[in-house]
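Each chain gets a letter, A, B and so on, in the order the sequences are listed, and its residues count up from 1.
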Amino acid sequence: MTELAASFKYWYPNPATLEQTSPMAIERYNHRTSEGYWQQRWTDEKAFETAADSARPKYYVLEMFPYPSGRIHMGHVRNYTMGDVLARYMRARGYNVLHPMGWDAFGMPAENAAIEKDVHPKAWTYENIAAMRRQLQSMGLSIDWSREIATCDPSYYRHEQEMFLDFLAAGLVERKVSQVNWDPVDQTVLANEQVIDGRGWRSGAPVEKRELAQWFLKITDYSDELLTALDRLDKWPEKVRLMQQNWIGRSEGVRFRFELEDAEGKSLDQPLYVYTTRHDTIFGATFCAISPDHELSKTLSLRFPELAAFKRETEALGTSEEAIERAEKKGIFLGLYARHPFRQNVRIPVYAANFVLMSYGEGAIFGCPAHDQRDLEFARKYNLPVIPVVAPVAANPRTFAIADVAFLDKDESDVVLINSDFLNGMSVAEAKEEIARRIEARGIGKRKINYRLRDWGVSRQRYWGCPIPIIHCQRCGTVPVPRENLPVLLPEDVTFDQPGNPLARHPTWKHVSCPSCGGAAERETDTFDTFVDSSWYFARFCAPQFERPTDKAAVNYWMPVDQYIGGVEHAILHLLYSRFFTRAMHRTGHIALDEPFASLFTQGMVIHTTFRTREGAWVLPSEAIEKDKSWVHAETGEELIIGPAEKMSKSKKNVVDPESIIDRYGADTARWFMLSDTPPERDIEWTESGVAGAWRFIQRVWRLVNEIARLPADTSGRSVDDAASEALRRAIHQSLHAVSLDIEGLRFNRAIARIYELANALTSALAPAEGGVPTAVLREGAIILVQMFAPMMPHFAEESWRILGQPGLVVHATWPVPEARLLAEETVTIAVQVNGRRRDEVTLRRGLPAEEVESIVLKLDNVRRAMDGKQVRKVIVVPDRIANVVVG
RNA sequence: GCGGACGUGGCGGAACGGUAGACGCAACGGACUUAAAAUCCGUUGGGCGAAAGCCCGUGAGGGUUCGACUCCCUCCGUCCGCACCA
């Protein structure tokens, strides 16, 4: 809300005085006086507050809630506008709509601000929330603010702690030691995304791998279900489902063991378990390789000092894309051999290799160089044999050889097993089946389905997060905080003058007595990953003040979210975590469904041209001015280099501040522009001319509405069902029908194009001084027009509604229903083709039989000319669509 | 490397397998104005033509079809996701 508008509670220019100034002049629509006024009216009438009401169908529309960074950006404007259009539309359609807003308020930026600006994370966060709430409210969103939640509020996170204890009791939580990225300067764990070229993104210090005890949520218990249930999410984008599918990464294979022996042939007690999906290539195995992190490596590193160095070297490689591509396949021979399970007296060497990951399968593989590129590179380096065992059917098995590229049989139907004893001649599928059967029969292994998905590590060595409600006792181990002691509150008296987690060095907070034995114990000082907070907020919105995590009645009524809208960047993490968390809540009785989001929409980004000076400094769009077809710096006059449109980002300064746009053009203009022209799933380019166009449209409609409002009651004496009226009424009702469908399908750009068309049609109908359509028809058109754009430009719609003298608020008006009679045209214009080329068009009565159409089109001059005297072979007539005369 | 999406005027983009370019932006011409802004009217894919109209045209090439931006195959390009996953 602008300050100006904010000060005008209920002040409004009297319509009477507006008309007195001049009966003909229409003043410009002024968003500064209008928007604040209507926002206040909606608030005062509690227009958007919602309660469960079993008598009405519900509709839950939710946009991904924002992180309170301090200011909204254009991405927010786009996201929340889309959700708001849907919310307002569904409300008008009679649904009981839940459209809430909250804050994903824990996280690192608050701590960084504390360190840099010496403000408390809590103060910083709540100030940001206040500022962003004000900005969002200035957009005129139809949000039920009475349900607002902030994840950093104890009234929210206490329930998260309670559910964690429930998950713990249900066996969904595990504490285990895992390898983490450790920043030795900041003294904290970093997420993979925060490690850039092997260094901490803030400190710049080389990141270390550390083994730390961490809390895990056992998402892998649901690997299979999370995967198979994707098929039922038919209102999710195919892209997101595929991304999740790949992320979960199911593969079918076999886990089996090799017996090991040393150089002298003496058997070891421990076998080596490997996992493979290519067990058909077992006869091509010429080595085994284990991860440097494998248990066996650790044992052997006592004997091989170079193994420890190799391990460090492997860790230093990093996991970035180029690092992996550049990295040479390297290994260390361990002095051990694996006995081939199907070949007598054949043993293959065992290596520790840098390309074997401990985190997948068994952390150990058998190498088949002929049919795996990595294995091939490794074999060439260490002069290991390369035995092809799968070859094209057409190839000669005796001469088929592998050069620099492993043979990866893409089309299994064209290949056959060779050099493989009892498998020779089989297809890959047959060979897999045979080997799996034999391995199982001999008891040396089993078929196994593996998933790429890892358990979700939720511990963070951070202050500004939800405390994990656990107490560590020397005698009793990890003890849950008793429920009557919840919430575990974050202490506020913390300092940020040293690196590391302030909770860990707080003088008193962590020292508690053990709830179990009463002895001295310590609190868990890690806090939850903020993705935990956002994994259930949608359920909390159903009853945000309830004393338990969820109010079942409310959740049963409102959930699932009918339409979820957000950026595709959350396609995996947030959306997968939420799907898991909902299942965990189901299992622990907090919710009665598995899938939280019935329909998902991922909107595109807001992009903008970049400007930079010759020296390469980025320049804000507001400092760039267009001059003689080029762009110059507003202050220096220096010519600027124009870059491609990219995602708006602070670092490239190609940002436009929503607040300044709302102040200058109004929220409705910004909303309208966001919805126009570009399909919502694509990136939209913010342009000044586009915004100005949206603003001009508002002014044009304002004049149209005012002129129609001032028309005297019918003077023409014409009937509302004469031809001109009828045609306009058809246009009005057909628009209404199309716009309704477009909004429901989230095709906002098309809905807007239709609204433009109708506005144009009404303008034309109004224009002629004589012979125009009756006032009643124009009024009908204006009223429907206003209702159609009301979800998109709600303030302007209220203002127009008032000018038209309509009762009440448009926000309370029911969505109009198009008259069925007017949707079906009586006549239809069809194209007439000759040999598939359009030669004419003809307007016919709708539903005219094919034979009649045929005889009509064959008489057309243009058709006869195009036929050029040739014989008619046949005439294709698709009723009410097209006629095609085939000649030749 | 694997998986996916997308290529249509100067630009954003429309188009159940059925009149390609709706609607918007930009540009150009005109009206109004002392002038500008604003507004209004008109033109705007390319080519030929006085016009009627004809020809070409949806990344390239092929195919299916009476008819293809749309379906199928091959190729080129752009973008996105995942990635030593055995």
Partner lookup for [N], please. Criteria are Watson-Crick or G-U wobble with both distances under 3.5 angstrom; report none if nothing qualifies.
N: C6(B); value: G77(B)
N: A22(B); value: none
N: G17(B); value: none
N: U58(B); value: none
N: C71(B); value: G63(B)
N: G1(B); value: C82(B)
N: A27(B); value: U43(B)

Rounded to the nearest angstrom, tell me the gap between atom [atom1] in [X] and atom [atom2] in [N].
X: D683(A); N: C6(B); atom1: CG; atom2: P; answer: 15 Å
X: L766(A); N: C41(B); atom1: CG; atom2: P; answer: 11 Å
X: R838(A); N: C56(B); atom1: CZ; atom2: P; answer: 14 Å
X: D677(A); N: C11(B); atom1: CG; atom2: P; answer: 15 Å
X: F355(A); N: A83(B); atom1: CZ; atom2: C1'; answer: 15 Å
X: Q603(A); N: A5(B); atom1: CD; atom2: P; answer: 21 Å
X: M358(A); N: C84(B); atom1: CE; atom2: P; answer: 16 Å
X: D861(A); N: G53(B); atom1: CG; atom2: P; answer: 11 Å

Using a 4.0 Å heavy-atom cut-off, does [X] contact any base of the nucleic acid, only the sugar-phosphate backbone, or nothing at all?
X: Y756(A); answer: sugar-phosphate
X: V886(A); answer: sugar-phosphate
X: S689(A); answer: sugar-phosphate
X: R682(A); answer: sugar-phosphate
X: D372(A); answer: nothing
X: V885(A); answer: nothing

Establish whether the base of C82(B) is bridged to the side chain of N246(A) by a donor-acceptor pair shorter than 3.5 Å. no
Residue pairs fulfilling salt bridge (Lys or Arg N to Asp or Glu O under 4.0 Å) with at least one residue in residues 692-706 of chain A, sequence neighbours excluded: none
K239(A), nearest nucleotide to its side chain (from C80(B), G18(B), G81(B)): C80(B)
R754(A) or V878(A), whichever maps to the more 5' nucleotide of RNA chain B: V878(A)
Is R837(A) near enough to A68(B) that one of its side-chain N or O atoms lies under 4.0 angstrom from OP1 or OP2? no
Do the ring planes of Y360(A) and Y275(A) sit parallel (below 30°), tilted (30 to 60°) or perpendicular (above 60°)? perpendicular
Do you see a donor-acceptor pair shorter than 3.5 Å between the side chains of S735(A) and Y756(A)? no
Checking T286(A) against Y382(A) for the side chain to side chain donor-acceptor pair (under 3.5 Å) test, could you report, in this order, the C-alpha distance in whole Å, the side-chain angles of both residues, the deciding distance, and whether it holds? CA-CA 11 Å; T286(A) 56; Y382(A) 295 102; over 6 Å; no
Flag side-chain contact, heavy atom, 4.5 Å: F256(A) against T276(A): yes
For RNA chain B, what residues of residues 360-367 of chain A have any heavy atom nearer than 4.0 Å? Y360(A), I365(A)
